[in-house]
Protein chains: 2
Amino acid sequence: MVNDVWAALADPTRRRVVELLGSGPSRPSELADRIGTSRPALSRHLKVLRGTGIVTVDLDDTDARGLTYRLAPDGLTALRAWLDQVQAHWTDQLAEFKRHAERS
Amino acid sequence: MVNDVWAALADPTRRRVVELLGSGPSRPSELADRIGTSRPALSRHLKVLRGTGIVTVDLDDTDARGLTYRLAPDGLTALRAWLDQVQAHWTDQLAEFKRHAERS
DNA sequence: TTAATAGTTAACTCTATGGTGAACGATGTG
DNA sequence: CACATCGTTCACCATAGAGTTAACTATTAA
């Protein structure tokens, strides 16, 4: 659902997670430290992000206790598609808006 | 605030408003009819969208009772900038991800 | 002038959601 | 084996926010 993606990224903490994962895969504990939140809170945020397909999980290679989270390849394409769609119509609106501004 | 833009577009009704305004300026009553919600509810949604700079208001030319809402030129640029920023790092991650996938 | 319309705001209710602390299973370390 | 660590889930609380009804102002129409 596109709606889920919007709901997921509405939260600042989850956006911060996405930003951090953008610069490389990471583990929940590391993310919690960097963001400065508790592990239970972050775990639930990661669950939401997983549910939308924005991130994926794998077992850690070295330590089987740890998990590795990474950004999914197509996790944000729906969002970009929405923006493109609106802006497509919007471009025409800009011309009309300029005419309106000049008129007043 | 970038946060405000995300919060504003987290709501499906407000996204629908943005979509409708993408295809042309409109009035609150017309938007309420098309979306199928009450006028008070829509009025508050428009207030939120105004507060983030996504839409602008003008008095109607013909009927001084009505208002004309339109998309603001730079209302969504912050959002697109965020997406671009994340995806910039992300592109490098994709290569790493492929290597990881081939390895497993 | 009286009535109707456009839009907003206020007060209220209800639901969704984020944070916290406790507890759990699984894995590693002394 | 005893113990710490990683990550998750559960139960609880507190807050934010979306919808509704009613009321209000301003403008138009009869």
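Just so it is clear: chains get the letters A, B, ... in the order the sequence lines come, proteins before strands, and each one is counted from 1.
- Checked against C/dT8, D/dG19, C/dG19, the side chain of A/Ala41 finds its nearest nucleotide in C/dG19.
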- Verdict with supporting geometry, A/Glu30 and A/Leu20, side-chain contact (heavy atoms from CB on, under 4.5 Å): CA-CA 10 Å; A/Glu30 189 182 0; A/Leu20 287 175; over 6 Å; no
- Message: Apply salt bridge (Lys or Arg N to Asp or Glu O under 4.0 Å) to residues A/Arg80 and B/Asp84 and explain how you reach the verdict.
- Response: CA-CA 9 Å; A/Arg80 183 172 290 277; B/Asp84 290 340; 2.9 Å; yes
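- Of the candidates D/dG7, C/dG18, C/dG28, C/dG18 carries the atom nearest the A/Asp11 side chain, counting heavy atoms from C-beta on.
- In terms of heavy atoms, A/Ala8 sits closest to A/Val48 at CB-CG1, 4.0 Å.
- Here the nucleotide nearest the side chain of A/Leu67, chosen from C/dT20, D/dG7, C/dG18, is D/dG7.
- Fit an axis to the five pairs at each end of the helix from C/dT1-D/dA30 to C/dG30-D/dC1 and the two axes sit 10° apart, to the nearest 10 degrees.
- Using a 4.0 Å heavy-atom criterion, one finds that B/Arg44 contacts the bases of the nucleic acid, with or without backbone contacts as well.
- Relative to the side chain of A/Arg65, the nucleotides C/dG19, C/dG7, C/dG28 differ in distance, and C/dG28 lies closest.
- Nucleic acid contact class of A/Ser29 (heavy atoms, under 4.0 Å, all strands): sugar-phosphate only.
- B/Pro28 and B/Leu67 get closest at one heavy-atom pair: CD-O, 3.5 Å.
- Distances shorter than 4.0 Å separate none of the side-chain N or O atoms of A/Arg39 from OP1 or OP2 on C/dT20.
- Using a 4.0 Å heavy-atom cutoff across all strands shown, B/Asp60 reaches no nucleic acid atom at all.
- Atom-to-atom, CG of A/Asp61 to P of C/dT27 comes out at 16 Å; the value is rounded to the nearest Å.
- Mapping A/Pro40 and A/Asp63 onto DNA chain D by nearest heavy atom places A/Asp63 at the nucleotide closer to the 5' end.
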